[in-house]
Amino acid sequence: MSIHLHNTLSRRKEAFAPIDPANVRLYVCGPTVYDLAHIGNARPVVVFDTLYRLLRHVYGDRHVTYVRNITDVEDKIIAAAAANGEPIDALTRRTAVAYHEDMAALNALPPTFEPRATEHIDGMVAMIATLIERGFAYAAEGHVLFNVPSMAEYGRLSGRSLDEMIAGARVEVAPYKKHPADFVLWKPARTGEPGWDSPWGRGRPGWHIECSAMSKALLGETFDIHGGGIDLIFPHHENEIAQSRCAHDGAPLARYWMHNGFVQVNGEKMSKSLGNFFTVRELLEQGHRGEAIRLALLSAHYRQPLDITRDGLGEAKAMLDRFYAALDKAGTGAATAAESAEPPFDHLAALEDDLNTPLALSHLHELLARLNKAGDAGARGVAAAALKRGGALLGLLQQDPAGWLRGTRTLSAGVDAVIVLSDGKIDQLIEARTVARKNRDFAEADRIRSELLQAGVILEDSAAGTTWRRA
RNA sequence: GGCCCGGUGGCAGAGUGGCUAUGCAGAGGACUGCAAAUCCUCGUACAUCGGUUCGAUUCCGGUCCGGGCCUCCA
């Protein structure tokens with residue numbers, strides 16, 4: 001089995017063959033840093049992080065280059081900074097830090113490179129100059145525009161023709177555009193706005209050009225996979241393709257295009273403009289742990305729409321409780337064995353088949369059942385190692401099991417919303433209960449149990465003694 | 001209006017031209033002082049109407065319903 005991926009360009013699943021197996025190259029559109037990331041923004045991060053982990057497994061950790069940019073110059077940033085009365089660089093720095101914290105909570109690995117648009121202005125200016133020189137772009141009233149009709153294949157990715165786009169156009173056409181579909185490569189900066197000197201006057205780049213310039217700088221003219229949310233197909237990715245191909249003698253930008261479906265709320269797209277979003281940070285502060293959020297995001301196939309609900313997050317949490325409880329009983333030996341274990345075959349096969357995470361998870365459940373049924377320590381160790389190794393491909397199950405089960409839900413700023421009893425107090429109460437049970441004073445034993453339960457602590461008696469976990 | 005996706009058991013969610021998805025919830029049982037956890041068993045689902053086929057939830061077409069893109073958006 002080799003990796004197969006659904007390619008938006010062909011609208012079908014294709015066998016994946018990298019240009020250079022020694023350097024598999026992946027580019028994913030990252031955040032515009034003007035506000036906290038909502039759960040919809042987190043989905044592509046988690047999805048492509050999972051792809052990154054799979055590619056690293058198949059081609060080797062050192063043979064995959066993953067680029068995810070940060071857009072730190074853009075109209076919304078300017079607007080948000082003005083609204084906050086905050087300097088632009090303070091806003092973007094603060095937001096980028098929060099983004100990193102939130103994505104780390106979801107157990108997303110840092111990308112190989114995380115370029116910022118403002119670090120690549122020169123490359124953008126150079127690319128724009130090339131496009132003008134070759135007749136694909138023109139300057140008008142301080143703007144530089146890409147001339148869409150000059151690109152024969154424009155519309156291929158999104159599967160629409162220029163005529164259709166004009167027919168459906170709902171936007172007012174700026175008077176300086178030669179063609180209604182032309183889009184901005186460079187726009188003038190007004191006083192007080194961030195700007196860079198250029199042959200067309202002081203200004204700043206349009207949104208699309210930054211990805212073209214940054215991917216070229218870090219991955220070359222043609223690379224393997226370009227990913228992002230489904231809403232980026234048009235116009236963003238279509239425009240990236242137009243810019244890059246026209247600047248690069250027609251060389252393809254990326255060979256495989258992958259797009260994740262939306263996170264929805266009550267069946268509707270979650271988006272900032274609709275106002276129906278919640279941020280990753282809010283969920284964490286409500287006590288949902290990052291790994292549960294990650295699992296919820298992986299519980300549907302990446303191209304399907306996904307509703308994130310309280311029930312769904314609760315189910316993900318319960319699922320992790322089961323996994324970690326089994327791993328906890330398997331002991332620490334399994335953790336070390338997992339280092340050298342191969343991921344379970346059918347689990348890997350599911351991921352190689354266009355990142356079928358729900359199917360992969362079902363195989364993890366099979367391993368869980370095997371682990372729970374394992375008779376001896378040897379069989380337990382093997383099953384636990386396989387489970388942990390499989391989880392690693394999904395970015396799950398890597399925590400200390402006891403830490404997960406009994407862990408506090410301490411969040412940012414040391415705030416702890418849930419813990420009422422300290423671990424020491426819990427142990428004390430359990431000891432008292434054990435004594436009561438020995439004396440067959442079950443009324444007292446049950447009173448202590450229910451006292452603990454009210455504090456969110458669940459007891460489990462076994463031949464080996466009493467263990468506990470937090471609900 | 002144009003172009004795309006989808007409609008699977010109470011819920012979530014894979015998949016398949018004929019054979020058990022899986023998880024959650026629920027029912028029964030084993031175990032347990034009680035409980036929890038675990039294990040065993042169970043419910044026979046694929047919007048609708050036609051077509052192709054020996055056979056369709058799975059392929060094709062129509063209908064209905066939902067979502068998305070066409071404008072910033074993951």
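Only this structure's heavy atoms are used, side chains among them; waters, hydrogens and symmetry mates stay out. All chains are named by letter (A, B, ...) in the order of the sequence lines, taking the proteins before the strands, and each is independently numbered beginning at 1.
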K.L.:
Could you tell me how far G66(B) sits from U8(B) if I compare only their P atoms? Round to whole Å.
P.N.:
14 Å
K.L.:
Can you measure L452(A) atom CG to C34(B) atom P for me and round it to whole angstrom units?
P.N.:
20 Å
K.L.:
From the options A74(B), G23(B), C39(B), select the nucleotide whose nearest atom is closest to the side chain of M319(A).
P.N.:
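Selected nucleotide (nearest to the side chain): G23(B).
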K.L.:
Identify which nucleotide among A14(B), C72(B), A74(B) has an atom closest to any side-chain atom of R43(A), counting heavy atoms from C-beta outward.
P.N.:
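Minimum distance to the R43(A) side chain belongs to A74(B).
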K.L.:
Any strand counts, and the cut-off is 3.5 Å on both contacts for Watson-Crick or G-U wobble. Which nucleotide pairs with A56(B)?
P.N.:
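The base-pairing partner of A56(B), which may sit in any strand shown, does not exist here.
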K.L.:
Indicate, with yes or no, if the rings of H365(A) and F323(A) have centres closer together than 6.0 Å.
P.N.:
yes
K.L.:
Would you say K317(A) reaches C24(B)'s phosphate, i.e. side-chain N/O to OP1/OP2 under 4.0 Å?
P.N.:
no
K.L.:
Please walk me through it: do D461(A) and T467(A) pass side-chain contact (heavy atoms from CB on, under 4.5 Å)?
P.N.:
CA-CA 6 Å; D461(A) 297 328; T467(A) 58; over 6 Å; no
K.L.:
Which comes earlier along RNA chain B counting from the 5' end, the contact point of L359(A) or that of R437(A), where each point is its nearest nucleotide?
P.N.:
L359(A)
K.L.:
Considering just the side-chain nitrogens and oxygens of R322(A), establish if one lies under 4.0 Å of OP1 or OP2 belonging to U38(B).
P.N.:
yes
K.L.:
If the cut-off is 4.0 Å, is K269(A) near the phosphate of C69(B), judged by side-chain N/O to OP1 or OP2?
P.N.:
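It does, given that an N or O in the side chain of K269(A) lies less than 4.0 Å from OP1 or OP2 of C69(B).
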K.L.:
Take atom CG of N69(A) and atom P of C73(B), then tell me their distance rounded to the nearest Å.
P.N.:
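For the pair N69(A) CG and C73(B) P, the rounded distance is 12 Å.
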K.L.:
Are H4(A) and F16(A) near enough that their ring centres are under 6.0 Å apart?
P.N.:
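Between F16(A) and H4(A), which both carry aromatic rings, the centre distance is not below 6.0 Å.
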K.L.:
Assess whether one donor atom and one acceptor atom, taken from the side chain of K76(A) and the base of C73(B), lie less than 3.5 Å apart.
P.N.:
no
K.L.:
When the aromatic ring centroids of H236(A) and W207(A) are compared, is their separation below 6.0 Å?
P.N.:
yes
K.L.:
Is there a Watson-Crick or G-U wobble partner for A45(B) with both distances under 3.5 Å, and which nucleotide is it?
P.N.:
none
K.L.:
How long is the line joining CG of L351(A) and P of G15(B), in whole Å?
P.N.:
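Those two atoms, CG and P, are 13 Å apart.
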K.L.:
Could you tell me how far apart W207(A) (CH2) and C73(B) (C1') are, to the nearest whole angstrom?
P.N.:
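Value for this atom pair: 7 Å.
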K.L.:
Taking atom P of G23(B) as reference, at what distance in whole Å does atom CG of D311(A) sit?
P.N.:
18 Å
K.L.:
From the options R303(A), R12(A), K13(A), select the one residue that forms a salt bridge (charged side-chain N to carboxylate O under 4.0 Å, His left out) with D354(A).
P.N.:
R303(A)
K.L.:
Do D231(A) and G68(B) share a donor-acceptor pair, side chain to base, under 3.5 Å?
P.N.:
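Absent.
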K.L.:
For A35(B), does the base pair up with any side-chain atom of R449(A) as donor and acceptor (N or O, under 3.5 Å, distance only)?
P.N.:
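Yes, the side chain and the base share a sub-3.5 Å donor-acceptor pair.
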K.L.:
Rounding to an integer number of Å, can you tell me how far E315(A) CD sits from A25(B) P?
P.N.:
8 Å
K.L.:
Between U57(B) and G15(B), how many Å separate the two C1' atoms, rounded to a whole number?
P.N.:
10 Å
K.L.:
Select one nucleotide: of G2(B), A36(B), A74(B), the one nearest the side-chain heavy atoms of R160(A).
P.N.:
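The nucleotide sitting nearest to the side chain is G2(B).
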K.L.:
The side chain of F262(A) lies closest to which of these nucleotides: C69(B), C40(B), A36(B)?
P.N.:
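Nearest to the side-chain atoms of F262(A), counting from C-beta on, is C69(B).
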K.L.:
Take atom NE2 of H237(A) and atom C1' of C70(B), then tell me their distance rounded to the nearest Å.
P.N.:
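Going from NE2 in H237(A) over to C1' in C70(B) covers 16 Å.
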K.L.:
Please evaluate the base of C73(B) for a donor-acceptor partner in the side chain of N41(A) within a cut-off of under 3.5 Å?
P.N.:
no
K.L.:
Measuring from the side chain of F442(A) (C-beta onward, heavy atoms only), which nucleotide among G33(B), A21(B), C73(B) has the closest atom?
P.N.:
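Closest of the options to the side chain of F442(A): G33(B).
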K.L.:
What is the nucleic acid contact for L459(A), judged by heavy atoms within less than 4.0 Å: base, sugar-phosphate only, or nothing?
P.N.:
base
K.L.:
Nearest to the S271(A) side chain among G33(B), A14(B), C73(B), which nucleotide is it?
P.N.:
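The closest nucleotide is C73(B).
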K.L.:
In plain terms, say whether R53(A) and D49(A) are close enough for a salt bridge, that is, a side-chain N and a carboxylate O under 4.0 Å apart.
P.N.:
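Result for this pair is yes, salt bridge flagged.
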K.L.:
Using a cut-off of strictly less than 4.0 Å, decide whether N356(A) has a side-chain nitrogen or oxygen near OP1 or OP2 of G15(B).
P.N.:
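It does, given that an N or O in the side chain of N356(A) lies less than 4.0 Å from OP1 or OP2 of G15(B).
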K.L.:
Looking only at side-chain N and O atoms, does W468(A) come under 4.0 Å of OP1 or OP2 in A36(B)?
P.N.:
no
K.L.:
Need to verify one output field. Residue with the more 5' nearest nucleotide on RNA chain B, R469(A) or L274(A)?
P.N.:
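Of the two residues, R469(A) wins.
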K.L.:
Looking only at the side chain of R433(A) (C-beta and beyond, no hydrogens), which of the listed nucleotides U22(B), G33(B), A37(B) gets closest?
P.N.:
G33(B)
K.L.:
Taking any heavy-atom pair under 4.0 Å as a contact, classify G314(A): base, sugar-phosphate, or nothing.
P.N.:
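Nothing, no heavy atom under 4.0 Å.
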K.L.:
Checking all strands, does Q304(A) fall into the base, sugar-phosphate, or nothing category for heavy-atom contacts under 4.0 angstrom?
P.N.:
sugar-phosphate
K.L.:
Output yes when R116(A) and D72(A) qualify as a salt bridge under the 4.0 Å nitrogen-oxygen rule, no when they do not.
P.N.:
no
